Amino acid sequence: MFDKILIANRGEIALRVLRACKELGIATVAVHSTADANAMHVRLADESVCIGPPAAKDSYLNIPALLAACEITGADAVHPGYGFLSENARFAEILAEHNLHFIGPKAEHIRTMGDKIEAKKTAKRLGIPVVPGSDGGVGAGDDAMAIAKKIGFPVLVKAAAGGGGRGMKVAPTEADLMLALSTASNEAKSAFGDGSVYLEKYLGKPRHIEIQILGDGRGGAIHLGERDCSLQRRHQKVWEEGPSPIISPEARAKIGETCAKAMRDMQYLGVGTIEFLYEDGEFYFIEMNTRIQVEHPVTEMITGIDLVNAQIRVAAGGDLPCTQDEIVVNGHAIECRINAENPVTFRPSPGKILQYHPPGGLGVRIDSAVYQGYVIPPYYDSLVGKLIVHGKTRGECLMRLRRALDEMVVEGIETTLPLFRALVREPNIIDGDYHIHWLEQYLAKGDTKAH
Ligand code: ADP
C-alpha cells in the first residue's frame with residue numbers, strides 16, 4: 001500500500017480522496033493555488049504545498065510543480081481526482097518515469113479512450129455496441145455523402161478530438177451535410193487544433209446511461225450497475241440517478257457483463273465509466289471516462305462500495321473489493337449538482353457564502369468543500385456541492401430529496417437550488433420520463449417556478 005498520497009486536485013473531490021486516504025491510514029498531501037490557500041482540502045490534509053498562482057495552467061495543471069511537491073513531501077503516489085490531469089496519459093507516464101504511482105489506468109488505456117475514433121474502434125473490437133457511423137475519420141478524399149446516406153439521416157458530425165459537446169453538428173437532411181461538416185471541422189480546429197471529424201447516426205430522444213466498472217489490471221473486472229445522467233444542460237450533467245428508472249435487471253446484467261468482459265480483455269486498471277446513449281432498448285457506446293466521475297456517489301449509495309477506496313487499493317496492486325455476484329443494487333440514489341450560478345440564466349455567481357446549512361438525516365449525503373464564510377473563487381468550476389440522497393425505492397428517494405432540498409441553505413451567492421426544488425416536483429421527473437433534451441426543453445419554456 002502507498003505511504004503518502006499527493007492529491008492533485010481541489011474542491012469536493014480533493015476532500016473525497018482525502019477521506020478515503022484517512023480511512024486507509026495513508027498520509028495526505030494537499031496542493032493548492034494561491035487562490036485556494038484557505039480551502040478545506042488544505043486544512044484537512046496532513047501537509048500542503050502551494051503550487052502556483054490562481055490560473056489552473058500555472059497550478060493544478062503545472063506538472064513540474066506537482067513533481068516538486070512530491071519530491072519535497074516524499075509522496076509515493078498521486079491521485080488526480082477528475083478534470084485537470086486525470087485523463088492526461090503523458091502525466092501518468094511522467095510520474096512513472098519519476099518512480100511515482102499514478103492512481104488511475106495504464107497510460108495506453110487513457111490515451112486510447114481519449115481519442116474518440118480510437119475509443120470507438122476499441123469498443124467495437126471488444127464487443128461493446130456502438131452508434132452506427134463512419135468507421136473512422138471522414139477526410140477530404142472520402143465520399144461523406146455516401147457514408148451519411150448509408151448511416152441514414154439525420155446524422156451527427158463529431159470532432160475526433162471533441163469534448164464538452166464542442167465540434168458537434170447535426171445534419172437533419174442531405175442538404176445540410178456539407179455545411180455541418182465544414183462548421184464542425186472548423187470549430188474543432190480552433191478549439192482543439194485538430195479538425196478531423198467522423199459521422200454518427202443522430203439519435204432523437206435517447207437517454208444517457210453509463211456503466212461503472214472497476215478493474216484490477218490483471219484481467220479481473222466487475223461492473224457496478226448503471227447511472228442515468230439524461231438530465232443535462234449544454235452536455236453538462238445536472239441530475240444523476242441509479243438505478244435508471246427504465247433499465248430492467250436483465251438489461252443491466254447483460255450490458256454490465258459486456259462492459260466487464262471488455263475490461264477483463266483489456267486488463268483495465270482502476271475505475272472507469274462506459275457511457276452509452278440508450279434508445280428503443282438498444283445501447284450505443286459514446287465514450288469511456290478513465291477516471292473517477294463526479295457522479296460516483298450514486299453508485300456508492302446503492303452498492304455500499306467505496307469506489308475511491310477500491311481505486312486506491314487496485315492501484316497499489318490489491319484485489320477487487322468483491323466478486324460480481326456479491327454486488328447487489330440496494331434501493332435508489334439521486335445526486336444533484338448544486339452550482340454557484342443563477343438558476344435561470346446560469347451566470348456564474350462566485351463570492352462569499354454568508355449562511356450555510358447543509359441538510360442531514362437518514363440517507364442524506366453532502367460531498368462539498370464549502371463552509372460558512374468560504375469565498376468561491378471565480379477561477380475554477382462553480383460546484384458548491386453535491387447532494388446525494390438514498391431511499392429504499394425511487395419514490396422514497398424523491399420524497400427525501402424534496403425535504404433535503406427544502407432544508408438546505410446557501411446564502412450570499414446565487415445557486416441552482418431553486419431549479420432542483422422545481423425539478424423534484426415536475427411530473428415527468430417524478431415518473432422518470434425524460435431524455436437527454438428534456439431539461440433544455442423545460443428551461444426553454446421558462447417556467448422553472450424557481451422558488
Ligand atoms: P463530448 O466528449 O463532447 O462530451 P460525447 O460523445 O460524450 O461528446 O457526446 C456529448 C453529448 O452529445 C451526449 O451526452 C449526447 O447528449 C450528445 N450526443 C452524442 N452523440 C450523439 C448521437 N449519436 N445522437 C444524439 N446525441 C448525441
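Atoms within each ligand, like the ligands themselves, are counted from 1 in listed order. The structure displayed is predicted, hence computed values, not measured ones.
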Between [Y] and [X], do the side chains contain a donor N or O and an acceptor N or O under 3.5 Å apart?
{"X": "Glu396", "Y": "His332", "result": "no"}
{"X": "Gln236", "Y": "Arg337", "result": "no"}
{"X": "Thr299", "Y": "Gln212", "result": "no"}
{"X": "Glu279", "Y": "His435", "result": "no"}
{"X": "Thr273", "Y": "Glu210", "result": "no"}
{"X": "His223", "Y": "Gln324", "result": "yes"}

When you measure from [atom] to every protein heavy atom, which one gives the shortest distance, and what is it?
{"atom": "atom 3 (O) of ligand 1", "answer": "Gly165 N, 2.5 Å"}
{"atom": "atom 24 (N) of ligand 1", "answer": "Leu203 N, 2.9 Å"}
{"atom": "atom 16 (O) of ligand 1", "answer": "Ile436 CD1, 3.1 Å"}
{"atom": "atom 13 (C) of ligand 1", "answer": "Ile286 CD1, 4.0 Å"}
{"atom": "atom 18 (N) of ligand 1", "answer": "Leu277 CD1, 3.9 Å"}
{"atom": "atom 11 (C) of ligand 1", "answer": "His235 ND1, 3.1 Å"}

Using distance alone, determine whether [X] and ligand 1 share an N or O pair under 3.5 Å.
{"X": "Glu200", "answer": "yes"}
{"X": "Met168", "answer": "no"}
{"X": "Lys116", "answer": "yes"}

Distance under 4.0 Å to a non-hydrogen atom of [X]: what atoms of ligand 1 satisfy this?
{"X": "Tyr202", "result": "24 (N), 25 (C), 26 (N)"}
{"X": "Glu287", "result": "2 (O), 7 (O)"}
{"X": "Gln232", "result": "14 (O), 16 (O)"}

Quiz item: Within the side chain of Tyr268, is there an N or O that forms a donor-acceptor pair under 3.5 Å with the backbone of Val271?
Solution: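 Yes; at least one donor-acceptor contact below 3.5 Å.
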Practice problem: May I ask you to decide if the ring planes of Trp239 and Phe420 are parallel, tilted or perpendicular, using 30° and 60° as cut-offs? | Solution: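 It falls in the parallel class, under 30°.
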Self-check item: Set of residues satisfying ring pair (Phe, Tyr, Trp, His ring centres under 6.0 Å) with respect to Tyr284, sequence neighbours excluded
Solution: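 For Tyr284, no residue satisfies ring pair (Phe, Tyr, Trp, His ring centres under 6.0 Å) once neighbours in sequence are set aside.
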Quiz item: Knowing that exactly one of Arg252, Lys254, Arg207 qualifies, which makes a salt bridge (charged side-chain N to carboxylate O under 4.0 Å, His left out) with Glu226?
Solution: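 Answer to the salt bridge (charged side-chain N to carboxylate O under 4.0 Å, His left out) test with Glu226 among Arg252, Lys254, Arg207: Arg252.
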Practice problem: Measure the distances from the heavy atoms of His437 to every atom of ligand 1 and state whether one is below 4.0 angstrom. | Solution: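 Checking ligand 1 against His437, which is what was asked, there is no heavy-atom contact under 4.0 Å.
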Exercise. Could you name the option among Lys158, Met288, Glu440 that has the heavy atom nearest to atom 20 (N) of ligand 1?
Key: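 Looking at heavy atoms only, Lys158 sits closest to atom 20 (N) of ligand 1.
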Quiz item: Heavy atom under 4.0 Å from ligand 1: found in Lys201's side chain, backbone, both, or neither?
Solution: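 Looking at Lys201 and ligand 1, just backbone atoms fall under 4.0 Å.
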